[in-house]
Amino acid sequence: DGEALAAEDGTRFYILGLSPNASRVSVRFWSDGTVGEMKERLRQHMQDIDLVGSRGGEPPLMIRRIVLAAGRAETDAKGRFKGYDSDSVSPALAGALARAVLTGGPYPQPLLAAMVGRFRSDGLINHSRVATIKACLVRNSRLRGNPKEVSVALDMSRSDPAYVTGRLFALLEKIQRDSVEGELNATIKDRYFSSASATPGVVFPRLIRLSQHHLAKMETGRKVYYEKQLGEAMNKLDSFPGHLNLEDQGLFAIGYFHQRQDLFTKRDKKQNEGESA
């Protein structure tokens, strides 16, 4: 608790994780160290999971919130997000994640698979899920001795094909949205995100052709702006990858989320400038 963490850094700190198992209690994990070590492990977790797009006032992304985000997203009759189905999460995931956070060890591999899998099954791509993917990629690669750095926000200098194609997908989605008036029944995200993140080489040529139809509907200034954005991203690609593995699918989602956040931040900034003019 807060009082414990306020103690001297050299004070010993012990954590015992238990779970019910029929008529007895099972020990899930045991960790000991000093208060200073525990502070450092929690600080490292928060640094690994830090990502643009969090909402003000939300609690930190600690164990309970992460585990919930691995559950199936539930929506109301109008398709609006209501919450997560906690019963759809593996009971073993919470213990494995707690062990990783509290000992500084690798995040469980099923956590990355669960988040990427949820994109396919329910289509919800939000801050909690993408931040967790970032944490898995950053920490686990670091502990393997082959660090994979991932920035908190959009990195336009990054040239990994998985990241760039994720960015490109966000741009194509925004072009589609801006080419029509009113709400769309379904965007390319709803129809193509899973296949685009797994087999970009199959899907992106079709999406690029479709974008030309959307760009043709725009007034000249906006059309030129988006053509420059597309050109900047596509110049980083020699070709579209034929297949992305699980980690690269996670990086695709991060690129998509980074670019999407940047696009909407610019839109909000323009709106605020217009209101204050």
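Quick note: residue numbers are just sequence positions, from 1. FYI, side chains are in, hydrogens and waters are out, and symmetry mates aren't considered; it's all heavy atoms of this structure. Quick caveat: nothing in here was measured; it's all calculated off a predicted structure.
Contact annotation: the side chain of Gln259 approaches that of Leu171 to within less than 4.5 Å [non-hydrogen atoms, C-beta and beyond]. The closest side-chain heavy-atom distance from Lys148 to Glu247 is below 4.5 Å. Taking the side chain as every heavy atom from C-beta outward, Val101 and Gln44 never approach each other to under 4.5 Å. Taking 4.5 Å as the limit, some side-chain heavy atom of Phe257 sits within range of a side-chain heavy atom of His127. In this structure the side chain of Gln109 reaches within 4.5 angstrom of the side chain of Asn140, judged on heavy atoms. Looking at Val130 and Phe119, their side chains come closer than 4.5 Å, going by heavy atoms from C-beta outward. When side chains are defined from C-beta on, Lys223 does not count as touching Glu219, because their heavy atoms never get closer than 4.5 Å. Residues Leu215 and Leu230 meet the side-chain proximity criterion, which asks for heavy atoms closer than 4.5 Å.
Hydrophobic clustering of Ile, Leu, Val, Met, Phe, Trp and Tyr side chains at less than 4.5 Å, counting indirect connections, keeps Met115 apart from Tyr84. Both Phe169 and Leu263 belong to a single network of hydrophobic side chains, linked directly or stepwise wherever heavy atoms of I, L, V, M, F, W or Y lie under 4.5 Å apart. Placement of Ile188 and Val180 in two distinct hydrophobic clusters is found when ILVMFWY residues are connected by side-chain heavy-atom separations under 4.5 Å, directly or transitively. Side-chain heavy atoms closer than 4.5 Å link hydrophobic residues (I, L, V, M, F, W, Y) into clusters, and following such links, even through other members, never connects Ile15 to Trp30. Note: the hydrophobic cluster containing Ile125 also contains Val203 (ILVMFWY, side chain heavy atoms under 4.5 Å, direct or indirect links).
Interatomic distance, Asp9 CG to Lys39 NZ, rounded to the nearest 0.5 Å: 4.0 Å. Atoms OG1 and CG, from Thr132 and Leu111 in turn, are 6.0 Å apart once rounded to the nearest 0.5 Å. A distance of 9.0 Å separates NE2 in His243 from CG in Asp248, rounded to the nearest 0.5 Å. Taking NZ of Lys174 as the reference point, atom OG1 of Thr187 lies at 12.5 Å (rounded to 0.5 Å). One finds the CG atom of Leu137 at 7.5 Å from the CD1 atom of Ile133 (value rounded to the nearest 0.5 Å). How far CD1 of Ile254 is from CG of Leu154: 12.5 Å, rounded to the nearest 0.5 Å.
Without hydrogens or angle criteria, Arg12 side chain to Asp32 main chain gives no donor-acceptor distance under 3.5 Å. Under the 3.5 Å distance criterion, the side-chain polar atoms of Asn235 are left unmatched by any main-chain donor or acceptor of Glu232. Side chain of Ser151 to main chain of Ala153: a donor-acceptor pair is present (N/O by atom type, distance under 3.5 Å, no hydrogens or angles). Using a distance-only test at 3.5 Å, with no hydrogens or angles considered, a donor-acceptor pair links the side chain of Thr34 to the main chain of Glu37. Using a distance-only test at 3.5 Å, with no hydrogens or angles considered, a donor-acceptor pair links the side chain of Asn126 to the main chain of Arg129. Checking side-chain atoms of Arg41 against main-chain N and O of Leu102 turns up a donor-acceptor pair under 3.5 Å. A distance-only check finds a donor-acceptor pair linking the side chain of Asp122 to the backbone of Ala73 [under 3.5 Å]. Formation of a donor-acceptor pair under 3.5 Å by the Lys134 side chain with backbone atoms of Asp50 is found in this model.
For residues 153-163, the side-chain hydrogen bond (donor to acceptor under 3.5 Å, both in side chains) pairs, not counting sequence neighbours, are Asp155-Ser157, Arg158-Asp160, Tyr163-His258.
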Problem set entry | Leu112 vs Tyr107, side chain to side chain contact (heavy atoms under 4.5 Å, CB included): CA-CA, chis, key distance, verdict | CA-CA 8 Å; Leu112 174 61; Tyr107 294 109; over 6 Å; no

For this session: Please assess Tyr256 against Arg167 for the test side chain to side chain contact (heavy atoms under 4.5 Å, CB included), listing each intermediate value before the final yes or no.
Result: CA-CA 5 Å; Tyr256 169 81; Arg167 285 186 54 210; over 6 Å; no

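For the residue pair Gln249/Arg120, the side-chain donor-acceptor check at 3.5 Å is satisfied.
Closest approach of Ser197 to Leu244, counting heavy atoms only: O-CD1, 3.1 Å. The two residues Leu51 and Ala131 come nearest to each other via the heavy atoms CD2-N, 3.5 Å. Residues Ile175 and Ser211 approach most closely at CG2-O, 4.3 Å, considering heavy atoms. Closest heavy-atom contact between Pro200 and Ala196: CG-O, 3.2 Å. Contact between Leu143 and Pro106 at its shortest, heavy atoms only, is CD1-N, 3.4 Å.
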Under 3.5 Å, sequence neighbours excluded: what are the donor-acceptor pairs made by side chains of residues 53-66?
unit_1, atom_1, unit_2, atom_2, d
Arg65, NH1, Pro59, O, 2.4

Anything under 3.5 Å between a donor and an acceptor, one on a side chain of residues 86-99, the other on a protein residue two or more places apart or in another chain? List them.
unit_1, atom_1, unit_2, atom_2, d
Ser88, OG, Arg72, N, 2.8
Ser88, OG, Asp85, O, 2.6
Ser90, OG, Ala92, N, 3.3
Arg99, NH2, Arg28, O, 2.7

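Ion pairing between a basic and an acidic side chain is recognised when a charged N comes within 4.0 Å of a carboxylate O; Arg139 and Asp48 show such pairing. Classification of Arg177 and Glu173 as a salt-bridged pair holds, one side-chain N sitting under 4.0 Å from a carboxylate O.
Ring planes of Phe252 and Phe193: perpendicular class, angle over 60° (limits at 30 and 60°).
Counted within 6.0 Å of CG on Asp238, heavy atoms from surrounding residues, nucleotides or ligands total 12 or fewer; the atom is thus considered open.
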